2 protein chains.
Amino acid sequence: MNKPSNRPLTLRDVSEASGVSEMTVSRVLRNRGDVSAATRQKVLQAAKRLGYVPNKIAGALASQRVNLVAVIIPSMSNMVFPEVMTGISRTLEDTELQPVVGITDYLPEKEEKVLYEMLSWRPSGVIIAGLEHSDASRAMLKASGIPVVEIMDTDGQPVDSVVGISHRTAGRKMGEAIAAAGYRRIAFLGTKMPLDHRARKRFEGFTQALAKAGIEVADQEFYSGGSALAKGREMTETVLKRTPDLDFIYYSNDMIGAGGLLYLLEKGVRIPGKMGLAGFNGVELLQGLPMRLATMDACRFEIGRKAAEIILARSREDSGDTSPERIELTPTLSRGDTLRS
Amino acid sequence: MNKPSNRPLTLRDVSEASGVSEMTVSRVLRNRGDVSAATRQKVLQAAKRLGYVPNKIAGALASQRVNLVAVIIPSMSNMVFPEVMTGISRTLEDTELQPVVGITDYLPEKEEKVLYEMLSWRPSGVIIAGLEHSDASRAMLKASGIPVVEIMDTDGQPVDSVVGISHRTAGRKMGEAIAAAGYRRIAFLGTKMPLDHRARKRFEGFTQALAKAGIEVADQEFYSGGSALAKGREMTETVLKRTPDLDFIYYSNDMIGAGGLLYLLEKGVRIPGKMGLAGFNGVELLQGLPMRLATMDACRFEIGRKAAEIILARSREDSGDTSPERIELTPTLSRGDTLRS
DNA sequence: CTGAAAGCGCTAACAA
DNA sequence: TTGTTAGCGCTTTCAG
């Protein structure tokens, strides 16, 4: 057994081991150009025997091409972004492109840092959540010269392309459905995140719709941190104690909605007669609840898919002065069992 | 407004714009070596004005140092790995190191592909879930010459360092507690994944413990795909129809356990008297359920933290012939309200 | 404190 | 079909 030197192997090692020039070895390993079957064999054999792993750093520098797509999202721990990622991965998995994710925790400074970090690897494209970014971030995105797709939200001015839904419209639609169903004493429960712009926009659309129906939000409550399911419970209790005559609660996400639903079922509240409920996102989790919560799906998977497709198309055209795309998807309302029609 | 050339900026551009040599610009941008305050000012100003973003590809190639840590995990869509990631991120966030994740979907071939891909970027370390890998993967890890930490599981032979819990012991402990509590007609519900080695090991430990108490598993059922909560419901119904005299169900994860719990509560089954329940993982979600499910926490956050610390320490020592670490954490059993004592 | 030269490991472009 | 040459943009090293 040879003493394994700890130096990583290089093309040169494979070249020497196979008696083929570095250039040809490189060709074989990338399936580029014509190489005779015999040489190809020799090279592949030597590479495998040595356990050679190409150095992408050097390759990227030389070819000025990096097959990475930067994906910048606020969080991975709720149910929404993992599904967006799934959409992205599915689309990219049989291509040369590879997603790399960065997490911002809903903090603009962190977004800026992460973006800078990722751009310094010169990716082939950027997929980034939301339309609200710091001036510096926006400047970096513009200056990068690579395709940028902002996702989730279409209410605002994109840097380049955008794929999402209008959260304002989503909130409005839900407000209209609730008012039309005859509910009048309506509360809103959500996250205490001034930086969650999409939740904010849904709330705005929601109150607008209610206002148009002559209804004012009867109560509201916000939380931060902790188990969303538990928070949904607590907040529901709190708000009902404060405003006992509520007949509807709109939750800014399904998880707290599920918590509220479980709480109310325990209390024996008649749903959707005495009290109606709705959430947002259309998460799979809801399937297992005793009652199906009314919700609106956010087209998460589809958004990921479309965004990835845009990057992919751009990275291939290369030249064509492609104009920015703008894709607005339409979320569908599910009444479930908690919103009477 | 200048016509923005689309070529990314280089050190040279900053050098020319500031009248300082490339070398000194590089020093300023990396805070390396002594540079006069005046020069530093000039450089920073020019860099900011131009919107220069350093090219890490070139930097990494020249310095033979990449501040990335490859994190390879099976999935991001259950509740377990996001928390491991949180532990890793927290530890790394104020260091020079940055995690980059790759997903394997529990498929060895995909793990091999992802690993190869990541190693080709020459990261400073690898954190990889599980101890079971293909021969090729294991060979790559060994040949890479970089620190490797296998996480989650300690029942097996690590390539290098390992941080986790013994899932076999976890299953055994739960089995012992259940037997000691007097339950006798016990079922196991889990995932249909022959490749989820940790779930398998828990099951093995579990049946062993029961055997020692003279008990055989009365029934079992496995699922794959779909909403875990809903599956928990269905499977519970199925297994109770088949074996009505069960007095305990052990679920291989909390999510299906929660589904089962909700189902049984609806049916009005007396818990934990008539029927006991337990899950695994200690997920936060359980906080919001009507009843606290018995479970065992898997030390997810702590595992991430420790693993990252090992990589960090190694990447700093550099030289010292550090021996592999082996850290076995001890999960704690929570009886909740569904396992009588 | 600052700069000049050399080269990291690979690939584009051209030559044979 | 194969090989040679010249960098990619940065950092290391060594000399001022």
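A quick note: this is a predicted structure, and the numbers were derived from the prediction, not measured. The sequence lines fix the lettering, A, B, ..., with proteins before strands; numbering per chain opens at 1.
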Legend entry - Under 4.0 Å protein heavy-atom contact, by nucleotide of nucleotides 8-16 of chain D - B base, S sugar-phosphate only: BBBBBB---
Legend entry - Interatomic distance, B:Glu93 atom CD to B:Thr86 atom OG1 [nearest 0.5 angstrom]: 10.0 Å
Legend entry - Inter-residue atom distance B:Cys299.SG - B:Ile151.CD1, 0.5 Å rounding: 12.5 Å
Legend entry - Partner of A:Pro82 by side chain to side chain contact (heavy atoms under 4.5 Å, CB included), out of A:Asn78, A:Val80, A:Val84: A:Asn78
Inset, instruction - Strictly below 4.0 Å, heavy-atom distances to any atom of DNA chain D: list the hits from residues 33-46 of chain B, or just say none. - result: none
Legend entry - Charged N-O contact under 4.0 Å between B:Glu111 and B:Lys113: no
Inset, instruction - Identify whether the distance between the nearest side-chain nitrogen and carboxylate oxygen of B:Glu309 and B:Lys306 falls below 4.0 Å. - result: no
Inset, instruction - Taking A:Ser63 for its side chain and A:Gly59 for its backbone only, find out whether a donor-acceptor pair lies under 3.5 Å. - result: yes
Inset, instruction - Using only heavy-atom distances, determine whether the side chains of B:Glu150 and B:His133 contain a donor-acceptor pair under 3.5 Å. - result: yes
Legend entry - side-chain N/O B:Thr24 vs C:dT2 OP1/OP2, d < 4.0 Å: no
Inset, instruction - Find out whether A:Arg7 and A:Asp13 are in side-chain contact, i.e. whether some heavy atom of one side chain is under 4.5 Å from a heavy atom of the other. - result: yes
